[in-house]
Protein chains: 2
Amino acid sequence: MDGADDRTDGRARAVVARDDVEFDVRDARLLRAVDRTGSVAGASSALGRSRARDLARIETLEAAFGALVERRRGGSGGGGSRLTPAAVDLLERFERLSVAVAATARVPETVLRGPVASVDGELAVVSTPVGEVCGLHQGVDAGDEVQVRVGADAVTVLLSGADPAAGDSSARNRLRGTTVDVDRGGTVATVGVDVDGTVFRALLTDDSTVRLGLQKGREAAISWKATATRVAGDRP
Amino acid sequence: MDGADDRTDGRARAVVARDDVEFDVRDARLLRAVDRTGSVAGASSALGRSRARDLARIETLEAAFGALVERRRGGSGGGGSRLTPAAVDLLERFERLSVAVAATARVPETVLRGPVASVDGELAVVSTPVGEVCGLHQGVDAGDEVQVRVGADAVTVLLSGADPAAGDSSARNRLRGTTVDVDRGGTVATVGVDVDGTVFRALLTDDSTVRLGLQKGREAAISWKATATRVAGDRP
DNA sequence: ATGCGTTGTATCATCGATGATGCAACGCCG
DNA sequence: CGGCGTTGCATCATCGATGATACAACGCAT
């Protein structure tokens with residue numbers, strides 16, 4: 001149902017951009033190889049690439065991002081190259097971004113459908129089968145038929161006895177339901193909570209599932225942040 | 001600091017894959033154009049592409065994803081093409097994925113650094129300046145120096161009076177701090193909460209900031225889920 | 001002084017992706 | 001029956017990305 005086919009999986013490629021030049025995986029590999037081998041020539045041959053091309057690439061990157069590789073011609077060993085602190089920062093940022101988007105592409109999701117009731121700036125409220133839900137959007141209009149996506153890593157599960165009013169938290173979306181399955185995966189579990197017929201998927205640590213006493217059939221409450229829910233057009 | 005340069009921004013390209021063939025933006029545009037114009041020929045000329053090429057692309061996509069475009073040769077209007085339900089599902093899934101990864105690429109982040117204390121399956125606990133933090137990882141080992149990333153859309157802010165023990169929620173990471181800035185952006189605000197010198201960024205609706213009475217200087221508590229925090233290598 | 005391995009730079013070759021073109025087959029419609 | 005616009009299919013052309021190669025400049029070590 002609804003794109004949850006097995007065999008098909010979502011992926012994402014990260015890129016950090018500045019001034020129309022994009023730093024991507026390939027560039028990250030190059031910088032890492034330079035760091036490892038101590039020279040651009042060494043990096044290129046280690047990666048099986050053209051040294052001239054890599055040098056040129058480094059220059060276009062530096063035109064946008066500033067100095068990345070300190071190159072030294074002549075001297076002991078014939079010369080060599082080192083990453084600048086800026087390059088290390090860039091690599092680390094790319095790594096974080098990569099890991100983050102790869103994770104959101106891999107995580108289960110629950111999707112609600114309905115018309116958008118109103119739009120206020122970057123926020124849209126959508127009428128869904130479980131009530132009005134608020135989320136971030138990008139260019140939808142009131143009346144549009146849309147899908148609302150909530151990542152399983154964004155929904156937290158509460159003891160069903162917990163206060164559902166929740167005036168004291170910034171996570172306003174709160175619903176009650178009954179857990180329909182708990183799939184323990186060793187250390188991380190995904191649990192399904194049925195709310196009025198639509199089941200929400202939540203990603204929890206195994207720890208949390210036992211601490212909360214989650215079991216099939218038990219009542220549970222879920223909550224998630226408006227700023228963690230995305231509304232996507234249905235077919236633009 | 002730490003990659004938070006302005007001028008440079010993170011991006012992500014979504015892809016849904018099956019059997020080594022990847023459905024990307026370009027394919028999405030093609031299918032949408034077919035849906036809009038009613039024919040592959042119309043879609044190709046609308047997009048300024050080669051019709052033969054587009055037809056071939058559709059066939060390789062169908063080899064992996066199943067029937068996507070019902071093509072009819074001859075008949076009224078000379079023939080035409082329609083999307084199958086599977087194609088609509090695929091488009092919708094792609095749209096959700098696109099929106100989701102684009103958002104996580106755009107959202108502010110807070111990063112903690114330190115050595116990983118232990119690893120248990122997909123979970124790693126890292127010793128950071130604010131204490132031990134637990135997050136999802138992918139191939140790091142105990143002792144590695146890593147960065148821990150928490151997206152601003154994943155941290156929820158609580159009234160400072162709220163119970164920090166929190167045995168009743170699946171969000172275990174809880175900290176107290178003082179809010180150092182509230183940047184209202186019209187409908188969505190990002191607030192900074194200082195905890196022992198590291199400031200956490202949280203994305204909240206403006207509503208929530210007033211409901212919680214957030215102001216610079218006030219105490220605040222934050223919490224986030226282990227399954228929403230990613231640990232990334234420092235330099236693999 | 002000579003050798004060495006690197007950087008700096010220019011040029012050519014290759015390969016894959018993509019668009020352009022041409023023509024046959026199809027089937028409804030007037 | 002002929003016209004029409006589409007699909008089906010093959011082939012050529014073009015362009016950009018990338019690797020390969022060549023040679024000069026450099027500066028430390030021997």
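Model, not experiment: these values are computed from the prediction. Within every chain, numbering begins at 1; the chains are lettered A, B, ... in the order of the sequence lines, protein sequences first and strands thereafter.
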Worksheet entry | Presence of A:R72 side-chain N/O under 4.0 Å of D:dC26 phosphate oxygens OP1/OP2 | no
Worksheet item: Which whole-number value in Å describes the distance from B:R57 CZ to C:dG19 C1'?
Response: 16 Å
Practice prompt. Describe the nucleic acid contact of A:G80 in one word from base, sugar-phosphate, nothing, applying a heavy-atom distance below 4.0 Å.
Written response: sugar-phosphate
Fill in: Nearest-Å distance for atom pair CG/C1', residues A:D54 and C:dT7
13 Å
Fill in: Of the listed nucleotides D:dC9, C:dG8, D:dA20, the one nearest the side chain of B:E59
D:dC9
Worksheet entry | Charged N-O contact under 4.0 Å between A:R201 and A:D181 | yes
Worksheet entry | Rounded distance in Å - CZ (A:R49) to P (D:dT21) | 18 Å
Response to the item:
Here the distance between atom C1' of D:dG27 and atom CZ of A:R71, to the nearest Å, is 17 Å
Discussion item. Strictly below 4.0 Å, N to O, side chains only: are B:R113 and A:E92 in salt-bridge contact?
Written reply: yes
Worksheet item: So which nucleotide from D:dT6, D:dC28, C:dT6 ends up closest to the side chain of A:S76?
Response: D:dC28
Item to complete: Please work out if B:R26 contacts a base, only the sugar-phosphate, or nothing of the nucleic acid, heavy-atom cut-off 4.0 Å.
Response: sugar-phosphate
Worksheet item: Are A:E59 and A:R71 close enough for a salt bridge, meaning some N to O gap below 4.0 Å?
Response: yes
Worksheet item: In whole Å, what is the span from the CG atom of A:L47 to the P atom of D:dA20?
Response: 12 Å
Item to complete: Just call it for A:R51: base, sugar-phosphate, or nothing, with non-hydrogen atoms closer than 4.0 Å on any strand.
Response: base
Worksheet item: Has B:S81 got a side-chain N or O lying under 4.0 Å from the OP1 or OP2 atom of D:dT6?
Response: no
Discussion item. Looking at B:R32 and B:E95, is any side-chain nitrogen of the basic one under 4.0 Å from a carboxylate oxygen of the acidic one?
Written reply: yes
Response to the item:
Result for 5'-nearest mapping on DNA chain C, choosing between B:G75 and A:V40, is A:V40
Discussion item. Tell me whether the side-chain N or O atoms of A:R73 pair up with the base of C:dT6 as donor and acceptor below 3.5 Å, since no angle test is needed here.
Written reply: no
Discussion item. Nearest whole Å is fine: how far is C:dT18 P from B:L30 CG?
Written reply: 12 Å
Worksheet item: Within the structure shown, what part of the strands sits under 4.0 Å from B:A52 by heavy-atom distance: base, sugar-phosphate, or nothing?
Response: base
Worksheet entry | Nucleotide D:dG19, atom C1' - distance to CG of A:L55 in whole Å | 14 Å
Worksheet entry | Note: A:R13-B:E22 ion pair, threshold 4.0 Å (strictly below) | yes
Discussion item. Just the rounded figure in Å: distance from C1' of D:dT7 to CZ of B:R82.
Written reply: 16 Å
Practice prompt. Select base, sugar-phosphate, or nothing to describe what B:R53 touches, counting heavy atoms under 4.0 Å on all strands.
Written response: base
